[in-house]
Colleague: 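Below are the structure tokens for one structure; questions will follow.
It should be emphasised that the depicted structure is a prediction, and the values quoted were computed from it without experimental measurement.
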Amino acid sequence: MLKMPKKVKQEPETVGQTGSEIGAAKKRVRMQAALAILTIAVTVVLVFAMTQAWYTNVIESTGLTFETEAWGFDGTVTVNDEATMIEPGKSGVVSLSVDNSTNTDYIFASMSISKSEMTNTEMKSRLYFYADTSATVNGETSDRIYLNSETDYSYLILGGDTLTLSDEYMNDVALKWEWVYDVVGYYFEGAVTGSSADLKVTINDYLRPVEYDLDAATFDDDGNLLTTDGETDVQTFLVSLSATDGYEKDIQYGSGVNGYYPVEVDGSGVGVWVHLCTLSEIQQATAWDTKVGSGETKVSETVKLTITAQNANQTNSTTVATGEDLAAALTSGDDTVVVSLSDDISVSSAVNVEAGTAVIDLNGNTLTMETSTSTIYATEGAEVVVTNGTVEGGGGVAFRAADSSLVLDDVTMTGASYAVVVQDTDGDSVVRLTDCSLETTATTVLLQGNGSVTEANTVLIVDGCTINSGYIGISGNGTNKTGDERWGTEIQILNSTVKGLWAGIYQPQESSTLTVYNSEISGVTGMAIKGGTVRVSDSTVLGTGTSDQIQSLTTPSTNGFLDSGAGIYVETNYGWDIDVTVSGSDTMVSSASSNAVVVFPTENVDWVTVSILGGTYSSSVSEWLKTGYTQSHSDGYYTVTGE
């Protein structure tokens, strides 16, 4: 969605129609669709092709239809065994897994979407798929990466690992579907030929949607768009749109005809176009949504997801024996650099990795960082992978990322103050820690998003790791000052142990998500939460604080959190929405010296929701039980059961 500057809403001065006249119909669709969310079924059809030959052809299916081409992958690919049920205005995760656990090599799995087999043109213009992360292409940063016939997204799947994407949790960037509710425009690949009076439009593929505030938009008497918000004219809107779409060329407003504007086309009018719908077209789309939402029209479609995998280990690798050689290789400017250490080496100064992919195979050796500042820095657009060895920190920040990608796999670290610091500004980093053991004196992972600069979130995924911090294991940043916003993060803690002296996890940031699954989190206060959505399932959360470590709950902290000693501590004074759900029969939340779950202060905090749906607790949690759930008391513990 395009981000426009916030303006005070005023009555439009332009004579003509407004988009608000279809608002009532849209509201009816919302109500009707809520009763008919199972009317649209999208089946994912999978094609898997290896560009580097492997061994056998294996696929695992639990009910879906698959097409196979050019097989050669010694692993399994599984897609959700039920059709995905969708509804207008909603989005969700495409559930799938690619199992590379039987192989030592790592692969790049590039995913693209084809809607060529869809039969309903209306659905083609509404249904889109995207990787939920920002990306910089041709110097432009987009909030999402839309997958289509023109664009794909690559997942790095390490040897011995499995890519897992699901509604419950995911160990990489979410692959999502979206049903656009207001069809106000779209990019498409095709052809526009002829004159204004005799225009011929051929659409081969809908590439990505165009979005603006329809209720505030204005149209002329012929239904052509005048402004997108009562003030911003079409030319200004297209300039802003073009600045974030990732296409090398700008949208050519002056060459537009009947609401069709060329983006990248040849002399015969074939290529990528943008169309801004007329009011009549939008109203027709509303009428179609109404039929579907009410159940009058039912649609079932097939979408093809193509995965093309490359055996990345077959890329040429450079062997280095000194820190100087490592720095030279990482800053060579090549698109892909694979470096293997031949021995233990030391790095005495910071190394900035520019755009491109850099893989550092420690090869069982030790990389010693002798600098007290950031040592390896993944800058905007870069992807850095460090695997298979030991990192000895120099007392500073071992790895830093900004608007980039960072992967630590099978890495053991000691001696650093911070293992990873993420500081996003214009884009959204994706940081993955898998099968690592990280021990630091300060916060092990510090995560700072970019607030409202982008719609996507800064992502941290910790899977199969052990984290031990002398301060806080994993921490966000709650700053939300204009021009210095650090919220907007998505953290997944899977199958891991996170220990911090004062807290295992500190989440002060608003509009952020935290998922803890099958993990153990501990600290004087196990988890301290001051904002965002938190989901804890089948996990252990321990507040280890002794009487001399915990603070009395009198006045909440304005910068940080009180050392409550609770397993899960929710501090409400920031006034940001907080939604905490704890579930799973294997969940244990306990405190050595205080209540298992604490909310403070509790007066007039209607922005806070805590829901207990299962687990065992060292103190009563009756005030947070959802309807249908009860707790029983035995041997000093309270066990929650229910639906």
Colleague: After noting the C-alpha distance and the side-chain angles of D463 and R432, does the key distance pass the salt bridge (Lys or Arg N to Asp or Glu O under 4.0 Å) rule?
Modeller: CA-CA 8 Å; D463 191 357; R432 294 168 55 204; over 6 Å; no

Colleague: Could you tell me which non-hydrogen atom of T162 sits nearest to which non-hydrogen atom of S101, and how far apart they are?
Modeller: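 Between these two residues, the closest heavy atoms are OG1-CB, 4.1 Å.
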
Colleague: Donor-acceptor check, side chain of S622 to backbone of S620, threshold 3.5 angstrom: yes or no?
Modeller: no

Colleague: Keeping N365 on the side-chain end and T390 on the backbone end, is there a donor-acceptor pair under 3.5 Å?
Modeller: no

Colleague: Looking only at the side chains, is there a donor atom on one of E490 and T458 sitting less than 3.5 Å from an acceptor on the other?
Modeller: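 There is no such pair (donor and acceptor under 3.5 Å, judged by atom type) between the side chains of E490 and T458.
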
Colleague: Restricting to non-hydrogen atoms, name the atom on L362 and the atom on N388 that form the minimum distance, rounded to 0.1 Å.
Modeller: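 In terms of heavy atoms, the two residues are closest at CB-O, 3.2 Å.
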
Colleague: Is it true that a side-chain atom of T587 and a backbone atom of D538 form a donor plus acceptor pair closer than 3.5 Å?
Modeller: yes

Colleague: Is it true that T434 and D409 share a donor-acceptor pair across their side chains at a distance under 3.5 Å?
Modeller: yes

Colleague: Okay, side chain of S539, backbone of E520: is any donor-acceptor separation there less than 3.5 Å?
Modeller: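 It does not hold such a pair.
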
Colleague: Say whether, by atom type as modelled, one donor and one acceptor occur between the side chain of T572 and the main chain of P601 under 3.5 angstrom.
Modeller: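 Yes, T572 side chain to P601 backbone: donor-acceptor pair under 3.5 Å.
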
Colleague: Compute both the distance and the angle, then confirm whether K530 meets the cation-pi test with Y574: under 6.0 Å from the six-membered ring centre, within 45 degrees of the axis.
Modeller: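 Positive - K530 is close enough to the ring of Y574 and near enough to its axis.
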
Colleague: Would you check if the side chain of S519 reaches a backbone N or O of S496 as a donor-acceptor pair within less than 3.5 Å?
Modeller: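 Yes: the side chain of S519 pairs with the backbone of S496.
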
Colleague: Does a donor on one side chain and an acceptor on the other come within less than 3.5 Å for N100 and D161?
Modeller: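 Their side chains do not contain a donor-acceptor pair, so the 3.5 Å distance test is not met.
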
Colleague: Please check if the distance between the ring centroids of F108 and Y155 is under 6.0 Å.
Modeller: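 Aromatic pair excluded; centres sit 6.0 Å or further apart.
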
Colleague: Assess whether side chain to side chain donor-acceptor pair (under 3.5 Å) is satisfied between D403 and T425, documenting all intermediate values.
Modeller: CA-CA 7 Å; D403 312 335; T425 55; 2.9 Å; yes

Colleague: Have S591 and N595 got a donor and an acceptor in their side chains that come within less than 3.5 Å?
Modeller: no

Colleague: Is it the case that over 12 heavy atoms from other parts of the model lie below 6.0 angstrom from the CG atom of D548?
Modeller: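 Enclosed.
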
Colleague: For a quick test of reading the model, state the closest non-hydrogen atom pair linking S512 to W487 and the distance between them.
Modeller: OG-C, 4.1 Å

Colleague: Do T414 and E392 touch side chain to side chain, with heavy atoms closer than 4.5 Å?
Modeller: yes

Colleague: Is it the case that the side chain of T525 and the backbone of S564 share a donor-acceptor pair, with hydrogens and angles ignored and the cut-off at 3.5 Å?
Modeller: yes

Colleague: Indicate whether any N or O donor in one side chain lies under 3.5 Å from an N or O acceptor in the other, for R535 and T515.
Modeller: no

Colleague: Treating E571 as the side-chain partner and L562 as the backbone partner, does any N or O pair qualify as donor plus acceptor under 3.5 Å?
Modeller: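 Flag set: sc E571 to bb L562 pair under 3.5 Å.
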
Colleague: Which residue in the set I467, T497, L494, T444 passes side-chain contact (heavy atoms from CB on, under 4.5 Å) when paired with V462?
Modeller: I467

Colleague: Judged by atom type as modelled, is there a donor-acceptor pair below 3.5 Å linking the side chain of T443 to the main-chain atoms of V445?
Modeller: no

Colleague: Using the ring centroid of each side chain, check whether Y517 and Y169 are separated by less than 6.0 Å.
Modeller: yes

Colleague: Could you tell me if Q509 and R486 have a donor-acceptor pair between their side chains, going purely by distance under 3.5 Å?
Modeller: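 Absent: no donor and acceptor within the cut-off.
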
Colleague: Test side chain to side chain donor-acceptor pair (under 3.5 Å) on S452 and E485 and set out the steps.
Modeller: CA-CA 7 Å; S452 60; E485 301 171 339; 2.7 Å; yes

Colleague: Is the backbone N or O of A596 less than 3.5 Å from a side-chain atom of S619, with the two atoms forming a donor-acceptor pair by type?
Modeller: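 Yes, because the side chain of S619 sits within donor-acceptor range (under 3.5 Å) of the backbone of A596.
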
Colleague: I'd like to check L625 versus E623 (side-chain heavy atoms, cut-off strictly below 4.5 Å). Are they in contact?
Modeller: no

